[in-house]
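So the structure is just underneath, and the comments pick up after that.
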Amino acid sequence: MSNQDEQPSKANHLRPTQPLEIDNGLTLVPRVKLNLTIYPSTPQTLTNPIDEWKMKRALLDFLHSSSHRNNSLSLPDEDLTVKRLRDLKKRKREDPVAAGTLHIWDLGFLEKGLEGGSVEERLLEWRKGLVEKMDGIELNLEGVRFRLEVSVPVSDDFEGMKKSWEEFYAFQNRGYSRVRREPDTIILRGVPSRWFAEPRVSSKPSMLVTHTIFSTFGKIRNLNVAEDDDLGKDANEDSGDLVSGLYCKIVVQFEKHRDFQYALRVLCSRSLQKQGSRMKADYEVSWDKDGFFWNSRNQTQEKNNKVSAVAADHYRSEAPRRQAYSSRPSPDNVRPRRFKVRF
């Protein structure tokens with residue numbers, strides 16, 4: 001087995017139902033997260049706004065009743081959110097009327113309630129079954145029927161991301177190179193900036209603190225931290241624990257592919273929690289296929305080349321002018337006279 005195919009020993013022992021303490025008082029907490037989108041059963045124009053509370057109660061009742069036939073499922077009300085979408089006057093007939101998220105934090109039953117296979121296999125199978133059970137159900141609210149669409153977030157699907165990078169590099173390498181290329185950079189968006197800041201120094205994310213946190217997964221080659229206020233700027237506005245908009249984007253390039261893969265696997269299907277905070281922060285994690293650091297180097301080189309080119313043009317344009325003022329006729333550069341000879 002090659003070194004790139006080996007996983008760090010801690011990766012082999014970390015179950016998908018097990019939290020991971022990283023650094024700076026942060027913990028990656030396992031959970032199942034599902035995205036919910038609610039449509040009218042048939043495209044129609046609604047005259048009254050959807051009742052979020054009643055929709056939430058209908059969904060919870062369905063989940064509680066169905067869990068008895070599957071596994072014991074603990075679902076506090078706060079783990080399901082439903083929000084109306086769009087003003088009814090601006091809504092098109094085909095548009096959804098509401099969206100929400102379902103978080104399931106108590107996954108202990110997966111370690112003892114299912115037979116056969118690893119905990120990871122059980123988790124994936126159980127999540128797949130839950131999505132199939134919920135997707136497409138109809139809910140009746142005061143005579144209006146609604147249809148539910150359920151999906152797993154892209155950043156929670158590690159196997160899906162792995163398949164995408166394998167296909168990406170297989171296509172890139174086809175017919176050009178025999179060297180096997182693999183990704184080494186993760187992108188994390190939507191994490192609270194102050195959780196990556198130096199305490200009592202600044203609320204902005206620190207490169208040093210961020211480097212220390214992500215060194216948990218392996219040796220880092222490059223790191224970039226920047227504000228990311230556009231992503232989820234309205235999220236957690238009612239939580240009372242975090243001022244809206246204070247998010248950052250973190251790009252981490254590892255020295256080895258195996259460390260990149262370990263980090264991505266652990267970050268998938270987990271949320272971030274700060275010691276002493278009630279909030280669990282969701283984030284988006286993905287692999288970098290656009291060459292963030294490579295493009296940054298190219299842009300810097302291109303900028304330097306442009307500066308050099310401008311300087312060179314300036315020198316060329318100034319050179320004749322300087323020459324005109326400094327040159328004097330000399331016997332060597334005087335044009336010789338021509339004489340006509342007559343016969």
Side-chain angles (χ1 to χ4, degrees), residues 14-20 28-41 50 52-83 85 96-141 145-164 190 235 264-273 280-286:
L14 186 69
R15 301 185 302 277
T17 55
Q18 182 180 355
L20 176 66
L28 288 165
V29 184
R31 75 326 185 239
V32 166
K33 178 184 176 182
L34 300 180
N35 289 334
L36 315 177
T37 311
I38 302 166
Y39 298 84
S41 289
I50 185 175
E52 296 172 345
W53 185 84
K54 289 182 179 179
M55 178 63 71
K56 180 175 177 177
R57 291 311 317 168
L59 286 170
L60 285 172
D61 290 343
F62 171 81
L63 289 167
H64 287 148
S65 62
S66 63
S67 66
H68 293 303
R69 298 189 296 269
N70 190 0
N71 292 286
S72 175
L73 193 59
S74 175
L75 283 176
D77 289 3
E78 59 269 21
D79 291 346
L80 174 65
T81 61
V82 177
K83 280 191 174 184
L85 295 178
V97 294
T101 55
L102 172 65
H103 289 87
I104 302 172
W105 302 101
D106 185 4
L107 302 174
F109 67 90
L110 291 169
E111 300 193 18
K112 56 185 179 181
L114 297 176
E115 297 180 359
S118 66
V119 176
E120 184 174 7
E121 291 172 343
R122 299 177 197 175
L123 174 60
L124 294 176
E125 187 64 27
W126 178 81
R127 186 178 66 179
K128 179 182 177 182
L130 182 61
V131 171
E132 291 175 350
K133 182 180 298 184
M134 295 181 64
D135 190 46
I137 67 170
E138 289 194 346
L139 302 168
N140 192 334
L141 294 184
R145 301 185 70 83
F146 297 92
R147 174 176 52 85
L148 181 68
E149 285 191 2
V150 183
S151 63
V152 176
V154 174
S155 61
D156 275 13
D157 184 9
F158 173 78
E159 294 300 327
M161 284 192 280
K162 182 178 180 181
K163 182 179 179 181
S164 68
L264 190 62
R265 183 184 289 276
V266 172
L267 289 165
C268 280
S269 298
R270 283 181 169 85
S271 294
L272 198 62
Q273 187 170 23
K280 296 183 181 76
D282 284 339
Y283 48 78
E284 293 181 5
V285 62
S286 59

**Report entry** Val285 and its side-chain contact (heavy atoms from CB on, under 4.5 Å) partner, picked from Pro153, Ser269, Ser155
**Finding:** Ser155

Query raised in the report: Does the distance from a Lys or Arg side-chain N to an Asp or Glu carboxylate O, for Glu138 and Arg147, drop under 4.0 Å?
Result: no

Requested in this report: Using a 4.5 Å cut-off on heavy atoms from C-beta on, say whether the side chain of Glu159 contacts that of Asp157.
Outcome: yes

**Report entry** Considering all heavy atoms, the nearest Glu149-Asp135 contact
**Finding:** CA-OD1, 3.2 Å

Query - Test item: Met161 and Leu264 side chains (from C-beta on) under 4.5 Å apart, heavy atoms - result: yes

Query raised in the report: For Val119, what residues pass the side-chain contact (heavy atoms from CB on, under 4.5 Å) criterion, not counting sequence neighbours?
Result: Arg15, Pro16, Thr17, Glu111

Report summary line: When every non-hydrogen atom of Val152 is compared with those of Val131, the smallest separation belongs to CG2-CG2, 3.9 Å

Query raised in the report: Quick one: does Met134's side chain get under 4.5 Å of Leu36's, heavy atoms only?
Result: yes

Report summary line: Tightest non-hydrogen contact, residues Val32 and Leu123, listed as CG2-CD1, 3.7 Å

Query raised in the report: Can you tell if the side chain of Leu80 reaches within under 4.5 Å of the side chain of Thr101, non-hydrogen atoms only?
Result: no

Query raised in the report: Could you state the interatomic distance from CD1 (Ile38) to CG (Leu139), rounded to the nearest 0.5 Å?
Result: 7.0 Å

Report summary line: Sorted by chain and number, sequence neighbours left out, side chain to side chain donor-acceptor pair (under 3.5 Å) with Thr37 holds for none

**Report entry** From CZ (Arg270) to CG (Leu20), nearest 0.5 Å
**Finding:** 6.5 Å

Query raised in the report: Could you give the distance from CG (Asp77) to CG (Leu60), rounded to the nearest 0.5 Å?
Result: 5.5 Å

Query raised in the report: Looking at Trp105, does the NZ or CZ of Lys280 lie under 6.0 angstrom from its six-membered ring centre and within 45 degrees of the ring axis?
Result: yes

Query raised in the report: Rounded to the nearest 0.5 Å, how far does CG of Asp156 lie from CD of Glu284?
Result: 10.0 Å

Report task. Without swapping roles, check the side chain of Glu132 against the backbone of Gly129 for a donor-acceptor pair under 3.5 Å. Result -> no

Query - Any residue meeting side chain to side chain donor-acceptor pair (under 3.5 Å) with Ser271, in chain and number order, not counting sequence neighbours - result: Arg31, Asp282

Query raised in the report: Which atom names give the shortest non-hydrogen contact between Phe62 and Lys133, and what distance separates them?
Result: CZ-O, 3.8 Å

Requested in this report: Can you measure from CG (Leu102) to NZ (Lys33) and round to the nearest 0.5 angstrom?
Outcome: 11.0 Å

**Report entry** Nearest-0.5 Å distance, CD1 of residue Ile137 to CG of residue Leu148
**Finding:** 5.0 Å

Query raised in the report: Counting N and O atoms only, with roles assigned by atom type, does the side chain of Tyr283 sit under 3.5 Å from a partner on the main chain of Leu267, one being a donor and the other an acceptor?
Result: yes

Query - Nearest heavy atoms of Val82 and Glu52, plus distance in Å - result: O-CD, 3.8 Å

Query raised in the report: side chain to side chain contact (heavy atoms under 4.5 Å, CB included) between Leu85 and Val97: does it pass, once the steps are laid out?
Result: CA-CA 5 Å; Leu85 295 178; Val97 294; over 6 Å; no

Report task. Run the numbers on Arg127 and Glu125 for salt bridge (charged side-chain N to carboxylate O under 4.0 Å, His left out), then give the verdict. Result -> CA-CA 6 Å; Arg127 186 178 66 179; Glu125 187 64 27; over 6 Å; no

